[in-house]
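Residue numbering restarts at 1 for every chain, and letters A, B, ... go by the order of the sequence lines. From a predicted model like this one, the values you see are computed outputs, not experimental measurements.
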Amino acid sequence: MTVYITTTIPYVNARPHLGFALELVQADVLARFHRRRGEAVRFQTGTDDNSLKNVLAAEAAGVPVQEFVDRNAEAFVALREPLELAVDDVIRTSRDPRHRPGVERLWRACADAGDLYREHYEGLYCVGCEQFYQPAELTGGRCPEHGTEPQRVAEENWFFRLSRHADRLHDAIAGGRLRVEPAERRNEVLAFIAGGLADFSISRSTARARGWGIPVPGDPGQVVYVWWDALGNYLTALGYGTGGDDLRRWWTGADRRVHLVGKGVLRFHAVYWPAMLLSAGLPLPTHVVVHDYLTANGRKISKSGGNSGGDAADPVALTRAYGTDAVRWWLLREVPRVGDADFTVERLIARADDELANGVGNLVNRVVSMIHRYRAGHVPGAAGAAGTAELERVAAGAPGTAELERACREAPERVAAALAEFDFRRAASAVWAVADEANRYVNLARPWELARDGDDALDAVLAALLRACRTVGDHLEPFLPGAAARVTAQCAPVDGVLPAPRPLFTRLGSPARPPRPA
RNA sequence: GGGGCGGUAGCUCAGCCGGUCAGAGCAGCGGACUCAUAAUCCGUGGGUCGUGGGUUCAAGUCCCACCCGCCCUACCA
């Protein structure tokens with residue numbers, strides 16, 4: 001199986017925020033999950049540099065556009081380390097030599113298909129917003145943003161025959177050839193298509209774009225509409241337009257082409273983009289996976305940062321303060337599949353302390369401690385004192401063993417089933433369930449009593465627990481790669497002896513109270 | 001204005017095609033244990049399932065209207 005996974009490419013007029021981190025982490029989980037199964041995976045992200053908003057932000061900052069864009073793009077690319085992303089490729093639309101030739105080729109392909117045409121375009125244009133408005137969007141004939149009366153601007157623009165592809169688009173989505181997930185979003189797209197698709201403008205006059213962007217092939221007075229340009233990244237990064245084998249490997253010949261997108265750009269990815277591909281004679285994405293938005297402390301996260309959300313929504317600041325694991329865990333465990341989620345530091349801490357420090361961390365710690373205390377760190381069964389099969393037989397008689405074994409056994413299929421539906425929350429909880437069950441098992445099996453009584457079952461119980469810890473470490477990898485490695489290392493004997501137990505997660509909330517005197 | 005999504009216990013959320021679906025986790029309260037980062041385990045949940053109608057033998061679960069939040073409606077994940 002060959003899987004191509006992409007995030008959207010954010011425009012870089014400001015620093016990245018937690019909402020984009022969500023998308024990156026979700027994509028990363030998918031990438032790691034498939035990779036673990038031995039499948040060929042390419043995980044790609046990038047930046048959308050050619051947006052007019054970048055130009056405006058650069059002007060406001062008094063910096064040349066390219067310099068401004070470079071500087072901000074850096075902050076997005078730099079998310080890899082703090083979020084521990086296993087990204088394979090990053091494409092930047094203003095700089096990457098693969099991009100412009102690809103966009104031009106896509107343009108020509110659609111032109112050759114007869115889907116591009118020039119037409120007189122007249123619209124209400126707000127200079128302040130640098131955009132056109134439909135009459136219905138205006139309030140009292142004025143720009144809702146600036147309160148000014150928009151100008152009537154007329155020019156020739158290039159249009160794409162979206163209308164021509166409506167039926168095929170509908171069939172692809174309704175029939176599941178292009179899966180829009182979750183289903184709520186698929187219905188939304190189908191309703192939109194059913195409402196009729198109008199051709200859309202795909203160029204802007206170079207003057208209004210302030211000279212920033214990719215010139216329309218053969219029409220230097222126009223630049224390519226930024227969405228056309230940006231969507232093209234999914235292809236151009238694969239060498240569409242510049243050659244090489246990547247296009248065949250990761251697009252035309254791939255088993256899955258998965259786009260992760262925010263709900264705000266659903267239409268572009270589930271309607272415009274597939275239509276462009278149909279026109280160009282290329283396969284459609286197989287999945288468009290839509291996530292909703294994050295708020296911080298009940299407020300919308302503003303992309304311009306600063307004011308409301310501020311640092312509360314800065315993924316880098318959060319990982320620095322609370323660690324990558326806690327941030328990733330919150331994003332994966334607390335964000336529902338449908339519906340916006342509100343981020344607060346309190347919830348991040350509560351989630352991490354409860355499930356990571358007290359749950360997984362403490363479990364591994366207590367298990368390894370007992371193996372050290374009762375068996376000098378020797379992994380039960382490994383020294384040949386008793387065969388593994390014998391241990392399992394003995395353990396099977398202990399209360400709760402069956403449940404624990406079942407949790408371990410079922411974890412992989414539960415993770416796979418959840419991720420097949422892009423339900424990250426359910427997938428993460430399937431891993432967590434193993435640790436939860438193992439903690440329960442300790443209290444049930446009471447190894448300290450077995451040790452005191454010299455009971456044979458001790459080795460079996462410890463072995464079962466260590467297996468559970470390893471299962472957690474193993475399946476946690478796509479979600480928390482760093483923590484998973486620590487769990488795994490803690491459970492791997494060195495010269496026949498497990499490493500001395502060390503806390504795997506520091507508590508983030510108020511420090512633990514000291515033990516009550518005995 | 002049009003289209004869409006959400007509104008379920010203090011908090012975060014599960015509830016697919018209508019009939020043990022009124023649930024889970026967290027918090028709170030009570031108890032147990034001592035291997036462990038006082039961590040862990042057990043017990044404990046009367047919330048008009050946003051509001052008002054309707055369909056049905058039966059509705060969070062379908063239909064209509066309305067209220068609240070959010071997204072899209074030609075350049076914000």
Side-chain angles (χ1 to χ4, degrees), chain A residues 7-11 13-14 16-24 48 50-54 121 123 130-134 136-137 157 182-185 187-189 191-192 194-195 198 200-202 204 209 213 225-230 260-268 272 291-295 300-304 333-336 338-342 346-347 350-351 353-355 357-359 361-374 425-426 429 436 439-444 446-449 451 462 465 501-507 511-516 518:
Chain A
T7 70
T8 51
I9 54 172
Y11 72 98
N13 70 334
H17 67 232
L18 200 59
F20 185 52
L22 171 68
E23 187 170 309
L24 286 168
D48 170 15
N50 295 333
S51 166
L52 178 58
K53 294 208 175 189
N54 293 332
Y121 182 77
E130 298 279 355
Q131 70 165 324
F132 286 95
Y133 280 102
Q134 297 292 326
E137 294 179 285
N157 282 160
E184 288 83 348
R185 296 299 171 192
N187 296 338
E188 189 176 332
V189 172
F192 178 70
F200 66 103
S201 164
I202 56 170
R204 297 287 182 271
Y225 172 49
V226 71
W227 264 108
W228 179 284
D229 162 352
L260 275 82
V261 309
K263 65 178 174 182
V265 295
L266 170 60
R267 195 158 296 173
F268 295 100
Y272 295 179
H291 66 260
D292 285 359
Y293 288 173
L294 261 32
T295 55
K300 183 171 180 168
I301 299 176
S302 71
K303 190 132 193 179
S304 44
R333 268 291 272 165
E334 197 124 324
V335 176
V338 178
D340 293 353
D342 186 45
E346 290 71 28
R347 281 203 270 272
R351 191 57 93 168
D353 279 351
D354 186 52
E355 297 184 345
N358 299 347
N362 185 239
L363 168 72
V364 175
N365 198 241
R366 68 199 299 208
V367 167
V368 173
S369 290
M370 285 190 283
I371 292 175
H372 270 277
R373 179 184 286 245
Y374 303 136
R425 184 185 244 228
R426 219 173 82 221
S429 83
D436 196 36
N439 268 323
R440 194 167 298 124
Y441 181 68
V442 175
N443 286 55
L444 235 98
R446 309 171 70 79
W448 50 92
E449 286 185 2
L462 293 178
L465 282 168
R502 252 179 344 131
L504 298 178
F505 300 90
T506 51
R507 289 172 56 88
R513 283 173 297 157
R516 214 185 305 153

**Study point:** salt bridge (charged side-chain N to carboxylate O under 4.0 Å, His left out) partners for A/R333, two or more places apart
**Key:** A/E355
Point to revise | With A/E334 via salt bridge (charged side-chain N to carboxylate O under 4.0 Å, His left out) - residues at least two apart | key: A/R347, A/R351
Review point. Counting any heavy atom closer than 4.0 Å, what does A/L504 reach on the DNA or RNA strands: base, sugar-phosphate only, or nothing?
Key: base
Review point. With a non-hydrogen cut-off below 4.0 angstrom, is A/S369 in contact with a base, only sugar-phosphate, or nothing?
Key: sugar-phosphate
Exercise for review: Cation-pi check, A/K263 to A/Y293: give yes when NZ or CZ is under 6.0 Å from the six-membered ring centre and within 45° of the ring axis, no otherwise.
Suggested key: yes
Practice item. For each nucleotide in nucleotides 3-13 of chain B, reading 5' to 3', give B when a protein heavy atom comes within less than 4.0 Å of its base, S when such contact involves only the sugar-phosphate, and - otherwise. Key: SSSS----SSS
Taking only nitrogen or oxygen atoms into account, show me every contact under 3.5 Å that the protein makes with nucleotides 40-44 of chain B, one pair per line with its distance.
from	atom 1	to	atom 2	distance (Å)
B/U40	O2'	A/R366	NH1	3.0
B/U40	O2'	A/N443	OD1	2.7
B/U40	O2	A/N443	ND2	2.9
B/C41	O4'	A/N443	ND2	2.8
B/C42	OP1	A/R440	NE	2.9

**Study point:** Set of residues satisfying salt bridge (charged side-chain N to carboxylate O under 4.0 Å, His left out) with respect to A/R425, sequence neighbours excluded
**Key:** none
Check your understanding: Any Lys/Arg nitrogen of A/R507 or A/D354 sitting under 4.0 Å from an Asp/Glu carboxylate oxygen of the other?
Key -> no
Exercise for review: Side chain of A/W448 only, please: which of B/C76, B/U34, B/A74 is the nearest?
Suggested key: B/U34
Review point. With a non-hydrogen cut-off below 4.0 angstrom, is A/G264 in contact with a base, only sugar-phosphate, or nothing?
Key: sugar-phosphate
Exercise for review: Compare side-chain N and O positions of A/K300 against OP1 and OP2 of B/C76 and report whether any pair is under 4.0 Å apart.
Suggested key: no
Review point. Taking the six-membered ring of A/F192 as reference, does the NZ or CZ atom of A/R267 fall below 6.0 Å from its centre and within a 45° cone about the axis?
Key: yes
Review point. Across the strands shown, which category fits A/Y272 at heavy-atom distances under 4.0 angstrom: base, sugar-phosphate, nothing?
Key: nothing
Review point. In dot-bracket notation, what is the pairing pattern of RNA chain B, taking Watson-Crick (N1-N3 plus N6-O4 or O6-N4) and G-U wobble (N1-O2 and O6-N3) contacts under 3.5 Å, with [ ] crossing and | for other strands?
Key: (((((((..((((.........)))).(((((.......))))).....(((((.......))))))))))))....
Practice item. Could you tell me whether the phosphate oxygens of B/A39, OP1 or OP2, come under 4.0 Å of any side-chain nitrogen or oxygen in A/R507? Key: yes
Exercise for review: Using only heavy-atom distances, determine whether the side chains of A/D342 and A/T295 contain a donor-acceptor pair under 3.5 Å.
Suggested key: yes
Exercise for review: Please determine, for the side chain of A/F200, which listed nucleotide (B/C76, B/A74, B/A39) has the closest atom?
Suggested key: B/A74
